[in-house]
Peer 1: 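Okay, here's the structure, questions in a sec.
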2 protein chains.
Amino acid sequence: MAVSATTRAQIVEAADRLFYEQGFEHTSFTAIAETVGISRGNFYYHFRTKDEILAAVIDFRIETTRDMLRQWAAETADPAQRIRRFIRIVLTNGADIREFGCPVGTLTAELAKLRHPSRPEAVALFTLFRDWLAGQFTALGHHPATADAMALHVLAFSQGVATLANAFGDDDFVRREVDRLEAWLAGGLTL
Amino acid sequence: MAVSATTRAQIVEAADRLFYEQGFEHTSFTAIAETVGISRGNFYYHFRTKDEILAAVIDFRIETTRDMLRQWAAETADPAQRIRRFIRIVLTNGADIREFGCPVGTLTAELAKLRHPSRPEAVALFTLFRDWLAGQFTALGHHPATADAMALHVLAFSQGVATLANAFGDDDFVRREVDRLEAWLAGGLTL
DNA sequence: GAGATCCTAGGACGGCCGTCCTAGTCGCTG
DNA sequence: CAGCGACTAGGACGGCCGTCCTAGGATCTC
């Protein structure tokens with residue numbers, strides 16, 4: 001049981017990374033098996049289909065994200081500071097983003113094109129950030145509707161920056177946009 | 001020769017649409033052949049590999065985009081009005097974007113994950129818009145470096161909005177963000 | 001009207017894909 | 001130590017993929 005849980009976790013983590021780096025469809029069972037170091041047949045014991053792995057990966061990402069947001073909330077009480085932490089993800093994860101884009105945005109886009117049944121679960125990852133950000137803006141004294149609009153604005157910022165960072169690999173551009181949005185956050189928060 | 005040119009063009013246009021709707025890798029020779037209404041074998045006469053089709057599709061998109069930008073330049077002399085036209089693409093093509101995302105952004109992201117040799121050509125599509133936008137900002141009296149930063153800012157806006165529109169399908173959000181960026185364009189153009 | 005050229009249809013090929021089966025190993029429990 | 005459940009390795013399967021070959025039809029030239 002302990003060993004199987006480890007193997008299962010190893011599969012999920014390897015798939016998580018491979019889905020991010022190569023895309024869901026392009027990642028084969030063989031590639032995951034080789035990464036983990038298990039036989040391809042053994043696989044079937046833990047996951048019956050590739051879609052089941054995807055579902056597990058999305059659940060894993062949701063859990064990981066929840067933990068991260070909780071961590072942020074525990075470390076800083078100021079909502080503005082929390083939002084700033086989100087804004088700076090594009091710097092913190094700059095190298096990965098330049099190479100592979102945003103994990104959430106690219107997965108959601110791919111599943112949309114595949115018309116994959118798990119698409120709503122991937123979108124839920126976006127919703128997680130959206131609701132958390134909206135909560136911070138609400139804590140800053142904004143009405144819920146305004147707070148949600150601001151949350152979407154911040155999300156759009158990070159998606160746009162991630163996409164262009166991936167395309168052009170321009171770190172200066174990322175820094176400039178981060179500065180701009182932080183100024184917006186510190187200033188009027190005009191929408 | 002006239003017939004072959006037509007067939008070739010039909011293949012490119014069908015592939016263009018399918019690559020957009022389903023992604024490059026997910027689109028098979030069979031799917032393209034069925035869309036055009038030709039046999040799968042005949043294909044090989046016009047394109048020897050799938051990568052050749054991709055290259056032709058990217059060339060086609062570059063040509064189409066160039067035509068569109070020329071058209072815009074011909075129709076309106078005011079640079080600000082031209083930029084506004086670009087900003088409003090997310091509204092004009094709202095239905096497609098909600099369903100499939102931005103054609104340029106999603107293709108670039110996919111080719112990055114596939115480490116595909118044609119990735120630079122896809123990025124060139126971005127560069128086309130980037131340079132054109134920078135040209136408009138220059139015409140508004142900004143220095144080249146500033147104009148380029150503004151161009152990237154507008155591009156990031158459209159990518160962010162397209163990604164979230166695809167994820168959430170929220171038309172109000174798109175309209176709100178368009179209004180906001182148009183206000184920025186009409187106002188200070190602060191970066 | 002014969003022949004060269006352009007174009008097409010249909011199918012064969014090797015390969016990798018996701019899926020599934022089976023025999024067997026390990027470790028725990030009684 | 002017998003038995004059972006958890007776990008693994010290896011390989012077989014049908015199917016679709018991209019690629020490639022070949023024979024024949026259409027069209028144009030002299």
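We use all heavy atoms of the structure for the numbers below, so side chains are in, but hydrogens, waters and symmetry mates are not.
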Peer 1: Please give, in whole Å, the distance from dC17(D) P to E25(A) CD?
Peer 2: 10 Å

Peer 1: Send over the distance from F43(B) CZ to dG10(C) P, rounded to a whole Å.
Peer 2: 15 Å

Peer 1: Given dT19(D), dT8(C), dG10(D), which nucleotide is nearest the side-chain atoms of S39(A)?
Peer 2: dG10(D)

Peer 1: Give a yes or no on whether a salt bridge exists between E21(A) and R17(A), defined as a side-chain N under 4.0 angstrom from a carboxylate O.
Peer 2: yes

Peer 1: Starting from C1' on dC17(C), measure out to CZ on F47(A) and report it in whole angstrom.
Peer 2: 19 Å

Peer 1: Just the rounded figure in Å: distance from P of dA9(C) to CD of E34(B).
Peer 2: 13 Å

Peer 1: Which sits closer to the 5' end of DNA chain C, S28(A) or R48(A), going by the nucleotide each is nearest to?
Peer 2: S28(A)

Peer 1: What is the distance, rounded to the nearest whole Å, between atom CZ of R40(A) and atom P of dA12(D)?
Peer 2: 11 Å

Peer 1: Any non-hydrogen side-chain atom of K113(A) less than 4.5 Å from a side-chain atom of Y20(B)?
Peer 2: yes

Peer 1: Hey, is the side chain of N42(B) poking within less than 4.0 Å of OP1 or OP2 on dA9(C), counting only N and O atoms?
Peer 2: yes

Peer 1: Look at the aromatic rings of W184(B) and F137(B) and report parallel, tilted or perpendicular, splitting at 30° and 60°.
Peer 2: perpendicular

Peer 1: Counting only side-chain heavy atoms from C-beta out, which of dG11(C), dA9(D), dC20(C) sits nearest to Y44(A)?
Peer 2: dC20(C)

Peer 1: Quick one: are L54(A) and H116(A) in side-chain contact, heavy atoms under 4.5 Å?
Peer 2: yes

Peer 1: Kindly say if T49(A) contacts the phosphate of dG18(C), meaning a side-chain N or O under 4.0 Å from OP1 or OP2.
Peer 2: no

Peer 1: Counting side-chain heavy atoms from C-beta on, which of dC17(C), dT8(C), dG11(D) comes nearest to Y45(B)?
Peer 2: dT8(C)

Peer 1: Would you kindly give the CD-to-C1' distance between E52(A) and dG18(C), to the nearest whole Å?
Peer 2: 13 Å

Peer 1: The side chain of H46(A) is closest to which nucleotide in this list: dA9(C), dT8(D), dG18(C)?
Peer 2: dT8(D)

Peer 1: Given atom NZ of K50(B) and atom P of dC20(D), what is their separation to the nearest angstrom?
Peer 2: 15 Å

Peer 1: Step through it carefully: locate the ring centre of F129(A), locate the ring centre of F86(A), and say whether they are under 6.0 Å apart.
Peer 2: yes

Peer 1: Whole angstrom is fine here: how far is it from CZ in F29(B) over to P in dG15(D)?
Peer 2: 22 Å

Peer 1: Is there a side-chain contact between T30(A) and the phosphate of dC16(C), meaning an N or O under 4.0 Å from OP1 or OP2?
Peer 2: no

